[in-house]
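First up is the structure itself, then whatever we jot down about it.
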There are 2 protein chains.
Amino acid sequence: MSQHRHPGAPGRAGAVPALPDLPEATVARLPEYLRALHNLAETGHETVSSEGLASAAGVNSAKLRKDLSHLGSYGTRGVGYDIALLVDQIESVLGLTQCRSVALVGVGNLGHALAGYDGFASRGFRIAALLDADPSRVGEEINGLVVRHIDELPRVAVEEAIAIGVIATPAPAAQAVADQLVAVGVTSILNFAPCVLSVPEGVDVRKVDLAIELQILSFHEHRKASLTALPAAGGSALTALPGGLAVTDTQEAIGT
Amino acid sequence: MSQHRHPGAPGRAGAVPALPDLPEATVARLPEYLRALHNLAETGHETVSSEGLASAAGVNSAKLRKDLSHLGSYGTRGVGYDIALLVDQIESVLGLTQCRSVALVGVGNLGHALAGYDGFASRGFRIAALLDADPSRVGEEINGLVVRHIDELPRVAVEEAIAIGVIATPAPAAQAVADQLVAVGVTSILNFAPCVLSVPEGVDVRKVDLAIELQILSFHEHRKASLTALPAAGGSALTALPGGLAVTDTQEAIGT
DNA sequence: AGGCGCTTGTGAAGACGTGCACAAATCGCG
DNA sequence: CGCGATTTGTGCACGTCTTCACAAGCGCCT
């Protein structure tokens, strides 16, 4: 399929030493650390303590230290972490030293927005192709890119060296698109369609469902409402809300 | 703030017995079950086994049974789950029996798409207000809703009984918006801006970062590439890819 | 040079989530 | 009426993740 090759050393110290088999939970947090580090670097910092970086990333400092230790960290006791070095390390581990090309399938409401989202380019991803099955959408130009028909995927995949596929189609079309992506050698898929994709082993699928997030919030909202309503009485009471409300672990309040 | 009340019984058997303090992991999966159940209901099914529902939702059947048992499930041994009853149960637990009003702040690229996303309405959420700080965007009509200035938030929050705030602004503006939302009594926020929000206790924040998802995929892509490249030799080898590839837990391949 | 304060890295314990495997329960059929 | 097929609900063991607490290491100041 596609032959990847890490182009030389990351830039500074030792080249990728090994792939230390990181815990998934750690991998999921590394991008957040990376973003926080970039922010810190832009504000002129040279080094940062685990405490500082942790609060910037919204996590516990012990967790952060353990996460970084997993990738054979480069901190200095009594000082902290060298920001530039750490950025290089994390980017190297995440495989961000090379720009990966993304094919976006489905140029509807959401696809349109994703095509114009500049957060991708700024993190080293290049939207290399826009595809859609609807002929009336083919030919449209979005953000400097022309929408092509999904049947052109095989050619596009080779021409643009597509590494990642993003599915932003309606749910009924998603499985077929996924099959087509897999057929042309894509092994990483980001799925925005509200459905389960079945893919062969070796293909990674991550799902983002906006409605699910709202429903989870709804649950907590419902629970909070019950907690403040039930303890009072049964009827319709305009109870003054007590000081201590419910707490969840989604994100902790940061004092400072 | 807003007095919620579950309007009578869910529709059939016992009214919400209590709030059984579900595990977070379970709560996160309930919406997925709900979607699968709706699909099944539309295709004419009356009941479904844990195995069937599990595969439709992309999870393990044991996990599904345990999840459902947490909310005092209503399955019948030897038969399965009554779909209509289960839908009512889950919707009741998630607090979806009432339609919740959402305020969407930030009508840029992403906000535009979210405003037009019909997946919200179909799951019982109503986008009740569009807000933006940019005067040039105020007054624009999107999907039948007029964009209003963020300073009108206090009035809008009361008029529309806003329960959930969605932040789709650029990162630098997100914290200020969050503060404003909290100030008008919103206790659930869905944040699309790539930054950490600091909110008081009792306020739930869920974050969706599209770029982070891509970076996680990038890591796995990177790892898969290393696994197929390193074991061979050091140089540039066009190694035939072995049969057994890497597997991740994000989503398993479904054989059937 | 030596001590002191600060910060990292990590062992260990606890909390949480997952999956197996099986007993209990229900239905349908002879 | 009883039996077998089927499926739920769950006790238990295992693995993963989190958090605490502290020793080891580093730089700075005297």
Side-chain angles (χ1 to χ4, degrees), chain A residues 17 20-30 32-33 36-37 40 45-83 85-86 89-90 93 216 247-252 254, chain B residues 13 17 20-30 32-33 36-37 40 45-83 85-86 89-90 216 247-255:
Chain A
D21 201 25
L22 302 177
E24 263 302 306
T26 296
V27 174
R29 282 187 294 265
L30 286 182
E32 194 72 42
Y33 301 157
L37 284 168
L40 288 168
H45 295 73
E46 284 287 330
T47 63
V48 66
S49 71
S50 68
E51 198 75 43
L53 181 53
S55 84
V59 301
N60 189 302
S61 73
K63 201 189 305 195
L64 177 124
R65 286 200 298 276
K66 184 146 290 189
D67 282 343
L68 294 186
S69 79
H70 281 141
L71 39 92
S73 173
Y74 285 73
T76 308
R77 296 175 190 230
V79 178
Y81 297 92
D82 180 302
I83 291 181
L85 182 59
L86 198 49
Q89 275 293 316
I90 295 180
V93 168
I216 296 173
V247 202
T248 68
D249 63 324
T250 309
Q251 183 185 309
E252 315 162 22
I254 299 170
Chain B
D21 201 24
L22 303 177
E24 263 302 308
T26 296
V27 173
R29 281 187 293 264
L30 286 182
E32 194 72 41
Y33 302 155
L37 284 169
L40 288 169
H45 294 73
E46 284 287 331
T47 63
V48 66
S49 71
S50 67
E51 199 76 42
L53 181 53
S55 83
V59 301
N60 189 303
S61 74
K63 201 188 307 195
L64 178 125
R65 286 199 299 275
K66 185 150 293 189
D67 282 343
L68 294 187
S69 79
H70 281 142
L71 38 93
S73 173
Y74 286 74
T76 309
R77 299 175 187 225
V79 177
Y81 297 92
D82 181 301
I83 291 181
L85 181 59
L86 199 49
Q89 275 293 316
I90 294 181
I216 296 173
V247 201
T248 68
D249 63 323
T250 308
Q251 182 184 311
E252 316 161 22
I254 300 168

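Chain letters run A, B, ... following the sequence lines, proteins first and then strands; every chain starts at 1.
OP1 or OP2 of C/dG9 lies within a sub-4.0 Å distance of a side-chain N or O belonging to A/Y81.
Which of D/dG9, C/dG19, D/dT7 sits closest to the side chain of B/S69 comes down to D/dG9. Taking every side-chain heavy atom of A/S49 into account, C/dT8 is the closest of C/dT8, D/dT18, C/dC20.
The interatomic distance linking A/K63 (NZ) with D/dA21 (P) rounds to 17 Å, in whole Å. One interatomic measurement links the two molecules: CG of A/D21 to C1' of D/dT16, which rounds to 13 Å at whole-angstrom precision. Nucleotide C/dG19 holds its P atom 13 Å from the CD atom of B/E51, rounded to whole Å. Straight-line distance from the CG atom of A/L22 to the P atom of D/dT16: 14 Å, rounded to whole Å. Rounded to an integer number of Å, the gap from B/R65 CZ to D/dG9 P is 9 Å. Residue A/H70 contributes atom NE2, which lies 9 Å from atom P of D/dC17 at whole-angstrom precision. One interatomic measurement links the two molecules: CG of B/L53 to C1' of D/dT7, which rounds to 14 Å at whole-angstrom precision. Across the protein-nucleic acid pair, B/E24 atom CD and C/dA15 atom P stand 18 Å apart, rounded to whole Å.
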Polar-atom pairs under 3.5 Å, protein N or O versus N or O of nucleotides 26-30 of chain D: list them with distances, or write none.
{"unit_1": "D/dC26", "atom_1": "O4'", "unit_2": "A/R77", "atom_2": "O", "d": "3.3"}

Pair B/L37-B/L53, side-chain contact (heavy atoms from CB on, under 4.5 Å): steps then yes or no: CA-CA 7 Å; B/L37 284 169; B/L53 181 53; 3.9 Å; yes

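Five base pairs at each end of the helix from C/dA1-D/dT30 to C/dG30-D/dC1 define two local axes, and these are offset by 10° (rounded to 10°).
Between A/Y81 and A/G75, the shortest heavy-atom distance links the atoms CD2-CA, 3.4 Å. Pairing each heavy atom of A/A57 with each of A/E32, the nearest pair is O-CG, 3.6 Å.
Here salt bridge (charged side-chain N to carboxylate O under 4.0 Å, His left out) pairs that include residues 54-69 of chain A, with residues two or more places apart or in two chains, are A/R29-A/D67.
Using a 4.5 Å heavy-atom threshold, the side chains of A/L86 and A/V48 count as separate. Residues A/Y74 and A/D82 form no side-chain contact, since every pair of their non-hydrogen atoms from C-beta on lies 4.5 Å or further apart. With contacts defined as side-chain heavy-atom distances shorter than 4.5 Å, the pair A/L71/A/L30 qualifies.
A donor N or O paired with an acceptor N or O is found under 3.5 Å between the base of D/dT19 and the side-chain atoms of A/K66.
Shown here are the side-chain contact (heavy atoms from CB on, under 4.5 Å) partners of A/E51, two or more places apart in sequence or in another chain: A/S49, A/S61.
Heavy-atom distances to DNA chain D give each of A/D67 and B/S50 a nearest nucleotide, and the one nearer the 5′ end belongs to B/S50.
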